[in-house]
Amino acid sequence: MKIALLGYGTVGSGTAECLRNHPMEGVDLAKVLDKRKIDEIKEILTDNIDDILNDGTIETVVEVMGGEEPAYTFVKSALLKGKNVVSANKLMLSRHYDELVNLAREKNLSLSFSAAAGGSIPWLFNLLRAKRVDNILNVGGVMNGTTNFILDKMQTGDGADFDKVLKEAQAKGYAEADPTADIDGLDVKAKIALSCDIAYSKMIDPDDIPALGIRYVTKNDIDNFKAMGYNCRLIGRGEKIGDEVAVYVEPMLFKPDAAEYTLAGAGNIISYLGEKMGKQSYFGLGAGKEPTGAAIVNDLYDIAAGISIFDMAQCVGKTKCRPELVCHEYYVRTNTEFDRSIVKETVGDNAFITKKISVASMHELAQKIIADGKEIFAASIAE
Ligand code: HSE
């Protein structure tokens with residue numbers, strides 16, 4: 001099977017390296033699309049997508065460019081030309097899930113995307129398997145390596161400074177090209193949307209998912225969490241409630257008996273709760289060049305072997321995310337007025353715990369405060 005790689009950045013070069021180190025007979029990297037001059041792959045390099053789309057010998061395209069465009073156009077064109085696709089592009093896939101999954105099914109092609117959520121962890125792969133034999137009641141967890149790396153360092157590393165730790169995460173190749181996508185929860189929106197798409201066979205628009213990130217977390221907050229016996233993680237979650245799905249992204253506080261409490265470095269821990277199978281959790285490295293490259297190559301080898309689990313993914317329409325259906329207590333610290341009627345107890349001089357309020361209400365309040373140019377950090381308390 002001849003393959004072409006679209007993009008030779010961190011993930012693309014990690015994929016090529018894994019293919020070189022762990023070859024599979026009959027699978028050959030024939031072309032790489034990248035606008036830059038890259039000596040190590042100069043014999044197979046092109047800057048023209050048509051060289052790949054119009055090459056009938058290329059059976060499978062691996063899209064690792066990131067960003068919505070031109071990735072979406074290239075992937076759709078590749079499927080229309082009868083080529084299988086492997087993609088790690090969570091943003092593009094989550095925005096076009098219904099169209100691309102259905103197009104691949106129609107054309108009897110594979111569209112695989114293990115690396116789009118969970119990095120090297122076989123999360124989506126196992127979620128698909130669980131979903132075919134059970135009713136998935138909820139999905140989610142820690143799905144962003146960069147923010148976990150930052151929170152872990154801040155919580156265990158003598159109160160290390162936010163900006164300094166972020167630079168370290170960028171140097172290690174964990175962060176997105178624009179790290180605000182990590183910090184503000186946009187990366188997790190795409191990953192939890194894809195997870196819900198798979199679990200419920202209906203598309204959730206990632207842009208509708210309410211998200212609070214960790215941009216405003218301070219050393220003072222971390223000290224408050226420590227005093228209360230919590231560790232903070234950024235989570236994405238989807239919960240089935242009747243025929244609806246409540247989806248949201250927010251920081252969450254965990255007690256030491258939760259697996260999330262001790263999750264170190266760029267780790268991810270993602271779980272589903274099956275009605276019959278119970279809770280199953282997957283954890284490991286959620287970001288980085290080599291782990292992500294390895295997940296992509298595994299998808300490729302499954303396609304080459306004719307056993308791609310992603311061929312089972314289905315999408316039978318769209319559904320709204322309904323954050324008003326779930327309620328939490330929240331830790332809140334803000335430098336502005338707040339509706340005191342929802343305060344349950346104060347924490348130190350400037351923070352408090354709310355009574356149980358809906359995720360939708362908390363996120364609306366926080367977004368209003370942020371839009372007014374004020375600061376707020378809110379984290380729900382895990383039950
Ligand atoms: N920026 C992402 C993360 C990369 O930190 O998890 C993996 O999707």
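Order of listing sets the numbers, starting from 1, for every ligand and every atom in it. Along the sequence shown, residues carry numbers from 1. Only heavy atoms go into these numbers, but all of them, side chains included; no hydrogens, no water, no symmetry mates.
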(message) If you apply the rule side chain to side chain donor-acceptor pair (under 3.5 Å), what do you find for Ser201 with Lys131, and how did you get there?
(response) CA-CA 9 Å; Ser201 295; Lys131 177 245 155 62; 2.7 Å; yes
(request) Tell me, with the steps shown, if Ser114 and Asp299 meet side chain to side chain donor-acceptor pair (under 3.5 Å). (result) CA-CA 7 Å; Ser114 285; Asp299 277 358; 2.7 Å; yes
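In this structure, His363 and Tyr330 have perpendicular ring planes: the angle between them is above 60°, well past the 30° mark. The aromatic rings of Tyr331 and Phe225 stand perpendicular to each other, their planes meeting at an angle above 60°, with 30° marking the opposite boundary.
Relative to the ring axis of Phe352, Arg340 places its NZ or CZ within 45° and under 6.0 Å from the centre.
Sparse packing is recorded around NZ of Lys374, with 12 or fewer heavy atoms of other residues, nucleotides or ligands lying under 6.0 Å away.
Protein residues having a heavy atom under 4.0 Å from any atom of ligand 1 are Lys90, Asn144, Gly145, Thr146, Tyr174, Ala175, Glu176, Asp182, Asp187, Lys191, Gly286, Ala287, listed by chain and number.
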